[in-house]
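One structure is given here, and the rest of the page talks about it.
Atom set for the values below is all heavy atoms of this structure, side chains included, hydrogens, waters and symmetry mates excluded.
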Amino acid sequence: MSALRHFVHLRDRAPEEILRLVDAALALKAAPPAARPLAGKSLAFCFMNPSLRTQVSFAAATHSLGGLPITLNMGSGGTWGMEAAEGVVMDGTAAEHLKEAVPVLGRYCAAVALRSFPAGKSWAEDKAEPHLSAFRRWSTVPVINMESATGHPCQALADLMTIQERMAPRGKNFLLTWAPHIKALPTAVADSAVEIAALAGMNVTIARPEGWDLDADVMARVRASCAANGARLTVTDDPAAAYAGQHVVYAKSWGSLRDYGAPPPSDAAFRAKWMVDAAKMRRAADPLFLHCLPVRRNLVVADEVLDGPWSAVIDEAENRLHAAKAVLLDLLAPETAASAVPPAAPRRHPR
Ligand code: CP
């Protein structure tokens, strides 16, 4: 029996495969397939926390490809509460173990997808991604990661699509800037954003306050991709200077891994230093502004940027739909996915 093909982390695939998925998504956006390659197939989309874009884009993508999307809110009235740990006495709130639930879903569905946020108490425990790992371990059908503690790969595909369609061939310099928030959010989106920018050959700058470094394993992968592509990697705690010469400004709030779970400082000067505003954007090279959404206006980014000519956040969100189609076809109808991509070599950012 052949090994199951999943779409869980960017790091699981060769860079060429990721870039081909982005090309497939762009091709599917230009020419949606007339055929219904998922006809007769049901897919389970399991959410352990709220979602707008991921939930709707995957459901719409599945429907448009002829399949039936089944969305499950896990443990919040939608299904039984789920246990991921093995060997535990299940006398808490979880009434069902993923060891049964995941293979049961596989008897009904052609693929299962999971959105699971980290608990925010221990980075070591969250980094192990217990729920996603259980899905991978117990699933008999392909697993899709719809955001976990260490990655949001479907978001990253949409991010690179947006850069390719709005900035190519000059979108070469990528800035990820940390942004203020009221909560310690996961690093997942930031992790995947810099990983895909680096593997696409962009020069990557990460601006973050001292103490907000991304995980060392993420940084090692980004460093390796930049080295392989002859690109620069810069890490700075000076946000104003970091904008100079950037073509893409990607804002994201995330919690400190050093002071794990603690909310970021809320004083006005700190927030003003790190919020994306027009003055900072004007230091860059006619840049594109990206954010995965949802975004808190005038905390993460000023109205003038989000409503201004720089912003591509609605296109970026639309691209989640086309990226979802590319992932579904890659896993469930690879012959359709391959035929969507023009024969030309996958695009890389020119140097
Ligand atoms: N960007 C993103 O994943 O949005 P949702 O949390 O609304 O799905």
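Tyr243 belongs to a hydrophobic cluster whose remaining members, ordered by chain and number, are Leu175, Val249, Val276, Met281, Phe289, Leu293, Val295, Val300, Val301, Val305, Leu306, Trp310, Val313, Ile314; membership requires side-chain heavy atoms of ILVMFWY residues under 4.5 Å apart, directly or through intermediates.
Follow the hydrophobic side-chain contacts under 4.5 Å out from Leu105 and you reach Leu132 in the same cluster. In the hydrophobic clustering of this structure, Val102 does not group with Phe7; members are Ile, Leu, Val, Met, Phe, Trp, Tyr whose side-chain heavy atoms approach within less than 4.5 Å, directly or through other members. Cluster annotation: Leu233 is connected to Phe174 through the hydrophobic network of ILVMFWY side chains, with a link wherever side-chain heavy atoms come within less than 4.5 Å. In the hydrophobic cluster analysis, where Ile, Leu, Val, Met, Phe, Trp and Tyr join through side-chain heavy atoms closer than 4.5 angstrom, Leu329 is grouped together with Leu19. A single hydrophobic cluster is not seen to contain both Leu43 and Phe135; linkage of ILVMFWY side chains at heavy-atom distances under 4.5 Å, directly or through other members, places them apart.
Expressed to the nearest 0.5 Å, how far CG of Asp159 lies from SG of Cys292 amounts to 7.5 Å. If you take OG on Ser311 and CG on Asp303, they are separated by 11.0 Å, rounding to the nearest 0.5 Å. Distance check: Glu129 CD to Lys127 NZ gives 10.0 Å after rounding to the nearest 0.5 Å. For the atom pair NE2 of His131 and CE of Met48, the computed distance is 3.5 Å after rounding to the nearest 0.5 Å. In this structure, CD1 in Ile70 is found 4.5 Å from OG in Ser42, a value given to the nearest 0.5 Å. Here Lys325 contributes atom NZ and Ser64 contributes atom OG; the two are 3.5 Å apart, rounded to the nearest 0.5 Å.
Residues Lys280 and Asp277 are paired through a salt bridge, judged by an N-O separation under 4.0 Å between the basic side chain and the carboxylate. Using a cutoff of 4.0 Å between basic side-chain nitrogens and carboxylate oxygens, Lys29 and Asp315 are not scored as salt-bridged. Salt bridge status for Arg5 with Asp330: present, with a side-chain N to carboxylate O gap under 4.0 Å. A salt bridge between Asp217 and Arg11 is absent, with no side-chain N of the basic residue lying under 4.0 Å from a carboxylate O of the acidic one.
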**OP:** Go through the steps to decide whether Arg232 and Cys226 satisfy the test side chain to side chain contact (heavy atoms under 4.5 Å, CB included), and finish with yes or no.
**Re:** CA-CA 6 Å; Arg232 285 191 309 276; Cys226 287; over 6 Å; no
**OP:** Evaluate the salt bridge (Lys or Arg N to Asp or Glu O under 4.0 Å) criterion for residues Arg297 and Asp307: first the C-alpha distance (whole Å), next the side-chain angles of each, then the deciding distance (0.1 Å), finally the verdict.
**Re:** CA-CA 10 Å; Arg297 283 174 173 263; Asp307 298 330; 2.9 Å; yes
Subject >> Residue pair Trp274, Ser253: steps toward the side chain to side chain contact (heavy atoms under 4.5 Å, CB included) verdict >> reply: CA-CA 10 Å; Trp274 286 97; Ser253 315; over 6 Å; no
**OP:** Evaluate the criterion side chain to side chain contact (heavy atoms under 4.5 Å, CB included) for residue pair Ser192 and Leu10; output intermediate values, then yes/no.
**Re:** CA-CA 7 Å; Ser192 292; Leu10 298 175; 4.1 Å; yes
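A donor-acceptor pair under 3.5 Å is formed between the side chain of Arg283 and the backbone N or O of Ala240. A donor-acceptor distance shorter than 3.5 angstrom exists from the side chain of Ser256 to the backbone of Gly211, with no hydrogens or angles considered. Side-chain atoms of Arg115 come within 3.5 Å of backbone atoms of Pro50 as a donor-acceptor pair (strictly under, hydrogens ignored).
Applying the 6.0 Å contact sphere to CD of Glu125 captures no more than 12 heavy atoms from other residues, nucleotides or ligands.
With Gln246 as reference, Thr205 is the one residue of Asn173, Thr205, Asn203, Asp286 to meet the side-chain hydrogen bond (donor to acceptor under 3.5 Å, both in side chains) rule.
Ring pair Phe270/Trp212 is tilted by interplanar angle, where 30° to 60° counts as tilted.
Across every non-hydrogen atom of Pro263 and Ile182, the tightest pair is CB-O, 3.6 Å. Annotation for Ala207 and Ala242: closest pair CB-CB, 3.9 Å, computed over non-hydrogen atoms.
Side-chain contact between Leu65 and Pro33 is present, with at least one heavy-atom pair separated by less than 4.5 Å.
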